[in-house]
Amino acid sequence: MAHEQTLAVVGAGNMGSGIAQKMATEGFRVILVDLDEAALQRGVTNIRNTLKEAVERKIMSAEVAEAVIARLLPTTDWSRLAEAELVVEAVFEDLEVKRTVFRRLAENCRPDTILGSNTSSFYVRDLASVVDHPERVIGLHYFYHPAKNRLVEVVPAEQSSPEAIAKAWTLQEAMGKTPIACQDAPGFVVNRYFVPWLNEAVRLLEEGVADIPTIEAAAKKAWRIGMGPFELMNVTGVPIAMHAANTLGQQLGAFYAPAALLCAQVAKKENWSLAGEPDPSRFAAVEERMLGAVFMVAGELVDEGVGSIEDTDIGARVGLRWSKGPFELMNVTGIERAVAMARACCERYGRELPGVLATQLKTGKPFDFTLVEVERDGEVCTLSLNRPDAMNAINQDVVAQLSARFAEASADPELKVIVIAGKGKGFIAGADIRFFVKNIEKNDIPAIQSFTAEGQELLARFAASDKVVVARLDGLSLGGGSEIAMACDYIVATDKGSMGFPETGIGIYPGLGGTQRLSRRVGLPLARWLVLSGTAVDAKTAQAMGLVDAVVPHAELGSAIRAVAARGKPNRDQAPPSTVPAGFESIATVFDQDLATLLETDPSGVEGPAGKAVKALRFKAPIALRLADRLMREGARVSLKEGLAMELAHLDEIFRTKDAYEGLSTLGKARPVYRGE
Ligand SMILES: NC(=O)c1ccc[n+]([C@@H]2O[C@H](COP(=O)([O-])OP(=O)(O)OC[C@H]3O[C@@H](n4cnc5c(N)ncnc54)[C@H](O)[C@@H]3O)[C@@H](O)[C@H]2O)c1
């Protein structure tokens with residue numbers, strides 16, 4: 001996975017070492033700079049320890065961990081920074097120290113190197129103002145532990161250029177981060193509500209509304225989190241919470257200033273005592289106050305344009321691991337009640353009810369979220385699925401929004417190319433399995449049929465549109481995700497892209513064209529190999545099979561998309577090719593045999609990947625295998641349209657099997673036991 005790009009981190013402390021580790025893990029060369037050898041050594045030891053833990057937990061192999069270490073270049077020689085495309089500053093939180101570091105960066109880096117700062121409390125503009133070419137300075141606010149927590153707040157300064165912002169953003173995605181966009185404002189997005197959340201907990205204690213164990217238990221229950229506010233403060237440092245509240249309070253008013261009891265606790269130099277039994281009769285009072293504070297703040301920050309509703313929620317889910325973001329929590333609470341809670345908070349602290357809440361209350365409806373983002377660049381329009389923490393899994397809302405945005409782009413005479421992309425690490429991880437399980441339990445198979453039919457209709461419009469539709473496969477795709485990619489005219493991937501059809505392993509078959517379009521791209525035997533065995537292939541393998549049209553580095557995705565689009569619209573509605581792509585002959589020979597023979601074959605007698613695939617068949621749901629196989633074989637003899645209709649027609653049959661329920665409901669929990677029923 002190694003590539004030639006070089007990034008750098010200055011400051012090898014807690015944050016800097018973790019950021020460097022993440023960059024190196026994603027294949028970048030990383031220059032790590034600190035004041036002296038001892039500080040560098042501490043940073044490298046930190047990284048070694050975290051990697052060791054990953055190896056012990058079998059998240060990473062020892063060889064990969066060694067390769068990560070080998071990509072690190074710890075040095076005190078600042079002139080090495082000339083090699084880097086991006087430098088992230090992560091030194092002490094001291095404005096003068098940071099400004100000195102930025103001046104030194106400007107002396108040592110190329111004029112186009114992006115200079116990022118991990119500052120938590122200063123304005124990015126105050127760092128940009130000390131360097132030449134301030135347009136390349138961007139805030140990049142990571143969260144502890146930066147090698148594990150995916151969130152990064154991308155904070156342009158008023159001086160930042162659009163090119164620098166785009167490049168900084170792209171590099172964050174390339175290093176496996178989930179970026180959200182924030183304005184250069186106190187606390188950015190997440191700390192703006194997280195710090196008041198901690199502070200409000202202390203006020204509840206101060207006012208005698210509840211004791212610590214009660215507040216802890218109530219917060220854990222309401223937010224579905226492992227640690228409550230007091231335990232979190234103990235773990236990250238009580239003074240940090242106070243300093244953060246101080247910074248916010250100075251700029252945003254008394255509500256944000258630290259509670260007197262918080263300052264007193266810091267003066268005592270003690271952690272909070274968590275001992276005692278919670279009192280459930282006080283849970284509602286605690287919840288009400290803490291939710292009210294978060295709702296008010298979330299409304300304020302959206303009003304001020306600091307972040308969007310969606311990014312505010314993504315920040316909470318990814319950065320804080322809350323099960324829901326503030327706006328989703330308002331929806332669950334009910335808008336009327338949620339606004340009443342926020343209003344009570346506003347009244348208590350003499351603040352105005354945020355406009356976004358007042359407006360929503362008038363509609364009387366829950367917040368609508370933008371699940372598909374639209375970005376235009378000349379003739380190219382990119383539609384990005386925006387559920388990065390759910391790997392962009394598709395559900396009814398996503399299909400409805402994708403459908404609407406696709407129709408708009410398709411009707412726009414100025415556009416020539418529509419790109420389908422996924423935000424964050426994955427492309428699209430298939431359909432929302434819970435939707436299937438829920439409807440099987442309700443015995444509402446027609447709901448599943450109509451959801452699938454709507455999906456099929458949307459995908460058919462990709463080929464029918466006069467725009468060239470390109471899938472930007474920059475991460476994992478599974479099931480429905482791979483089917484969406486195949487419905488596009490072309491698939492352009494990075495080496496992080498992958499495709500796979502795990503359906504027969506969860507008791508069903510691919511229903512969004514997977515049994516039809518795959519064979520038309522790679523031929524029947526290879527399509528049967530992938531669908532029946534559930535084997536996933538990486539982008540390069542997919543390209544060798546003719547499934548993916550180009551594989552390029554992340555930075556070249558845009559030009560590669562334009563290049564394939566220039567070929568015009570291909571006709572994908574052709575009979576499957578009878579030739580086998582070079583290198584796949586033996587797999588094709590094995591998977592040219594009928595299913596019954598394959599199931600009887602002893603895998604130990606079959607060499608290489610074909611043997612593994614034959615073995616995998618034994619763990620699949622038998623009815624799903626039979627139906628998938630039949631649909632692929634019969635579909636290959638008819639038009640794509642007829643094939644797709646057949647795929648839809650058998651959904652009722654497959655979703656009514658006991659095995660479908662077994663496979664779908666045990667996913668991620670237990671190994672399914674299939675009975676062929
Ligand atoms: N700790 C967190 O949870 C967290 C979260 C988000 C952001 N941040 C921010 O990240 C930054 C770093 O925080 P940290 O917790 O890693 O601090 P830290 O004290 O662990 O590390 C700071 C490092 O910077 C080095 N350093 C100091 N001055 C330097 C200089 N002039 N040149 C080069 N290196 C220098 C130090 O030797 C040390 O290794 C701060 O701006 C902080 O606000 C921290």
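Reckoned from all heavy atoms, side chains included, excluding hydrogens, waters and symmetry mates. Please read all numbers here as calculations on a predicted model, not as lab measurements.
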Residue set satisfying salt bridge (charged side-chain N to carboxylate O under 4.0 Å, His left out) with Lys658, at least two apart, ordered chain then number -> Glu677
>> Assess, by modelled atom type and distance only, whether the side chains of Ser281 and Asp279 contain a donor and an acceptor separated by less than 3.5 Å.
In response: yes
Which of Lys22, Gln172, Glu153, Lys177 passes side chain to side chain donor-acceptor pair (under 3.5 Å) with Tyr142? It is Gln172
Worked verdict on Leu32 versus Leu40 for side-chain contact (heavy atoms from CB on, under 4.5 Å)
CA-CA 8 Å; Leu32 182 58; Leu40 285 174; 4.3 Å; yes
Any side-chain donor paired with an acceptor under 3.5 Å for Ser117 and Glu89?
yes
Applying salt bridge (charged side-chain N to carboxylate O under 4.0 Å, His left out) to Glu158 and not counting sequence neighbours gives none
* Asked: Do the side chain of Ser665 and the main chain of Tyr661 share a donor and acceptor less than 3.5 angstrom apart?
  -> yes
Do Phe143 and His141 have ring centres separated by under 6.0 Å?
yes
Note to self: Parallel, tilted or perpendicular, judged at 30° and 60°: which one describes the rings of Trp322 and Trp197?
What the structure shows: tilted
Salt bridge (charged side-chain N to carboxylate O under 4.0 Å, His left out) filter on Arg125, not counting sequence neighbours, yields none
Heavy-atom donor-acceptor pair, Gln265 side chain to Glu270 backbone, under 3.5 Å: yes
Spell out, as yes or no, whether a donor-acceptor pair under 3.5 Å connects the side chain of Asp313 to the backbone of Phe327. yes
### salt bridge (Lys or Arg N to Asp or Glu O under 4.0 Å) assessment of Glu300 paired with Arg192
CA-CA 10 Å; Glu300 283 185 1; Arg192 174 81 177 250; 3.3 Å; yes
Next on the checklist: Under a plain distance cut-off of 3.5 Å, with no hydrogens placed, do Tyr123 and Gln251 share a side-chain donor-acceptor pair?
Outcome noted: yes
| query | So Phe435 and Phe451, ring pair (Phe, Tyr, Trp, His ring centres under 6.0 Å) or not? Walk me through it. | reply | CA-CA 10 Å; Phe435 170 81; Phe451 167 63; 4.9 Å; yes
